[in-house]
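The structure appears right after this line, and notes come after that.
Since the model is a prediction, treat every value here as computed from it, not as a measurement.
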Amino acid sequence: VQVVESGGGLVQDGGSLRLSCEASGRTFRYDAMGWFRQAPGKEREFVAAISVSKGNVNYAGSVKGRFTIFRDNAKDTVYLQMDSLKPEDTAVYYCAAGPYVSVYGTLYDSWGQGTQVTVSS
């Protein structure tokens with residue numbers, strides 16, 4: 001399966017952005033879609049994930065209550081709605097497909113190229 005992210009950009013502190021991740025190919029092999037991010041000089045970290053079949057979701061503590069992950073199975077697309085953005089949310093955001101919902105990036109098989117999100121103070 002291939003995944004392609006879109007929707008990144010520059011936003012002010014407190015603003016909102018919506019990221020999209022479209023999957024193509026053998027999408028039936030994957031049940032989980034996750035979002036990860038990597039800031040300069042830091043390790044990649046888990047943000048959120050969703051089960052495509054069941055809708056179960058999982059969020060990192062740092063984004064819970066501010067970010068929402070949801071899916072449109074008809075479009076093979078997963079979204080990450082990001083509200084109340086903070087400068088510390090600045091990072092390259094990556095979408096990934098995996099067999100089940102996990103916070104561990106190593107369990108995801110297919111990764112997108114990433115999309116930059118910059119939050120100015």
Over all atoms of both residues, closest heavy-atom pair of Thr77 and Lys75: OG1-O, 2.8 Å

4.5 Å side-chain heavy-atom contact, Val3 and Met33: yes

Minimum heavy-atom distance Trp35-Ile69, with the two atoms named: CD1-CD1, 3.6 Å

Ring geometry between Phe36 and Tyr108 (parallel below 30°, tilted from 30 to 60°, perpendicular above 60°): perpendicular

Within one Ile-Leu-Val-Met-Phe-Trp-Tyr cluster: Val47 and Val103, side-chain cutoff 4.5 Å: no

Sub-4.5 Å side-chain heavy-atom contact between Leu19 and Tyr79: no

Flag side-chain contact, heavy atom, 4.5 Å: Arg44 against Trp111: yes

Heavy-atom pair with the smallest gap, counting every atom of Leu85 and Leu17: CD1-N, 3.8 Å

Any Asp89 side-chain heavy atom under 4.5 Å of Val117 side chain: no

Note, Ile50 side chain near Val78 side chain (heavy atom, < 4.5 Å): yes

Distance, nearest 0.5 Å, that separates CD of Gln116 from OG1 of Thr90: 7.0 Å

4.5 Å side-chain heavy-atom contact, Tyr94 and Glu5: yes

Same cluster (ILVMFWY, side-chain, under 4.5 Å), Val119 and Tyr93: yes

Heavy-atom pair of closest approach, residues Gly114 and Val92: CA-CG1, 3.8 Å

Gln113 atom CD, over 12 foreign heavy atoms within 6.0 Å: yes

Trace of the side chain to side chain donor-acceptor pair (under 3.5 Å) decision for Ser16 with Asp83: CA-CA 4 Å; Ser16 298; Asp83 298 317; 2.8 Å; yes

Ionic contact status for Arg37 with Glu45, cut-off 4.0 Å: yes

Under 3.5 Å side-chain donor-acceptor pair for Asp31 and Ser51: yes

Whether over 12 other heavy atoms sit under 6.0 Å from Phe70 CZ: yes

Close side-chain approach of Thr68 and Leu80, heavy atoms under 4.5 Å: no

Set of salt bridge (charged side-chain N to carboxylate O under 4.0 Å, His left out) partners for Arg18, sequence neighbours left out: none

pair Val52-Tyr30: side-chain heavy atoms closer than 4.5 Å: no

Distance-only polar pair, side chains of Glu22 and Ser20, donor-acceptor under 3.5 Å: no

Non-hydrogen atoms of Ala32 and Val101 that approach each other most closely: CB-N, 3.4 Å

For Ala97 against Val1, the heavy-atom pair lying closest together: CB-CG1, 3.8 Å

